[in-house]
Amino acid sequence: MVRRFFAALLLAALCAAMLVLPQMLCGGLLFPGAQRYLFYAGGASSQARMVLASAAEAPFVRAALAGRSGESAYYADAESAFAQARRYGARLLFTERAGEVVNYYYSAPALGGGVWLDGMPVNLHIAVRGEGACIGSPLIFGGY
């Protein structure tokens, strides 16, 4: 009887570890230190499901979100976003201006994946408006 109890307990612990371990191994936030985050799930397009999180909630939301396909982060100062691009060794591909926003599109091999824009594989996007900036991978969805 006791042996069955411990076997069941061990099996339950093993099952729990199998559920939690992959989430722990997927790493932390792509862009640490931001004020807020937006996570994408279900696809790498504007049709993806989007989940907003505060800086405090972000690690937990990221770990729990099934089918995560990207994330973006907002920084009050644009330099912090550009520092993240440098951290990934990103190479600037092209820029464009849309109204008050200047968009920078990069290729960062360390991030992998991406989408094709203007015939180039883009996997890091920074949008700057005024003093602040949003950075996303593969792109920023949901507006900025």
Side-chain angles (χ1 to χ4, degrees), residues 5-144:
F5 171 76
F6 282 114
L9 186 62
L10 180 62
L11 182 61
L14 182 61
C15 288
M18 290 174 62
L19 290 172
V20 174
L21 191 58
Q23 297 297 333
M24 293 173 63
L25 293 176
C26 73
L29 298 169
L30 289 180
F31 313 112
Q35 290 183 321
R36 66 180 178 268
Y37 294 84
L38 187 61
F39 298 97
Y40 320 124
S45 74
S46 59
Q47 301 303 310
R49 183 170 55 103
M50 297 179 203
V51 180
L52 183 64
S54 69
E57 299 166 329
F60 304 105
V61 171
R62 185 181 198 278
L65 190 61
R68 185 175 24 83
S69 56
E71 70 184 74
S72 64
Y74 172 77
Y75 292 92
D77 65 301
E79 178 50 36
S80 294
F82 288 113
Q84 295 296 322
R86 288 191 299 273
R87 184 170 73 92
Y88 283 109
R91 181 176 58 91
L92 181 64
L93 300 172
F94 62 96
T95 63
E96 69 177 3
R97 177 178 284 279
E100 297 177 4
V101 178
V102 179
N103 292 287
Y104 300 82
Y105 298 94
Y106 294 86
S107 173
L111 291 173
V115 296
W116 287 88
L117 289 177
D118 287 347
M120 292 178 264
V122 173
N123 65 357
L124 187 68
H125 175 197
I126 297 176
V128 178
R129 177 186 295 153
E131 300 293 316
C134 192
I135 183 170
S137 181
L139 294 174
I140 299 166
F141 300 121
Y144 167 67

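FYI, side chains are in, hydrogens and waters are out, and symmetry mates aren't considered; it's all heavy atoms of this structure.
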Step-by-step side chain to side chain contact (heavy atoms under 4.5 Å, CB included) determination, Arg36 to Leu38: CA-CA 7 Å; Arg36 66 180 178 268; Leu38 187 61; over 6 Å; no
I would like to know whether Leu124 and Phe31 meet side chain to side chain contact (heavy atoms under 4.5 Å, CB included); could you show each step before the answer? CA-CA 11 Å; Leu124 187 68; Phe31 313 112; 3.7 Å; yes
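Atom CZ of Phe60 has 12 or fewer neighbouring heavy atoms from other residues, nucleotides or ligands inside a 6.0 Å radius.
With His125 as reference, Tyr105 is the one residue of Tyr105, Phe141, Tyr106 to meet the side chain to side chain contact (heavy atoms under 4.5 Å, CB included) rule.
Atom OG of Ser137 sits about 4.5 Å away from atom CG of Leu111, to the nearest 0.5 Å. Put simply, CG on Leu65 and OH on Tyr40 are 12.0 Å apart, with the number rounded to the nearest 0.5 Å. The distance from atom CG of Leu139 to atom CG of Leu117, rounded to the nearest 0.5 Å, is 5.5 Å. Note that the OH atom of Tyr74 and the CG atom of Leu52 stand 13.0 Å from one another [nearest 0.5 Å]. In this structure, Glu71 CD and Ile135 CD1 are separated by 10.0 Å, a value rounded to the nearest 0.5 Å. If you take CZ on Phe39 and CG on Leu29, they are separated by 5.5 Å, rounding to the nearest 0.5 Å.
Remark: Arg86 pairs with Glu79, Phe82, Ala83 by the side-chain contact (heavy atoms from CB on, under 4.5 Å) rule, at least two apart or across chains.
Annotation: salt bridge (Lys or Arg N to Asp or Glu O under 4.0 Å) contacts involving residues 93-102, sequence neighbours excluded, are absent.
For the residue pair Ala127 and Asn103, the shortest heavy atom distance occurs at CB-OD1, 3.4 Å. Listed here is the closest heavy atom pair of Ala41 and Ala66: CB-O, 3.6 Å. When all heavy atoms are compared, the tightest approach of Leu93 to Pro121 is CD1-O, 3.5 Å. Across all non-hydrogen atoms, the minimal contact from Ala53 to Val61 is CB-CG2, 3.9 Å. For the pair Ile126 and Ala81, the tightest heavy-atom approach, listed with the atom from each and the gap, is CD1-O, 3.7 Å. When all heavy atoms of Pro32 and Arg87 are compared, the pair lying nearest together is CD-NH2, 3.3 Å.
Looking at Gln84 and Tyr75, their side chains come closer than 4.5 Å, going by heavy atoms from C-beta outward.
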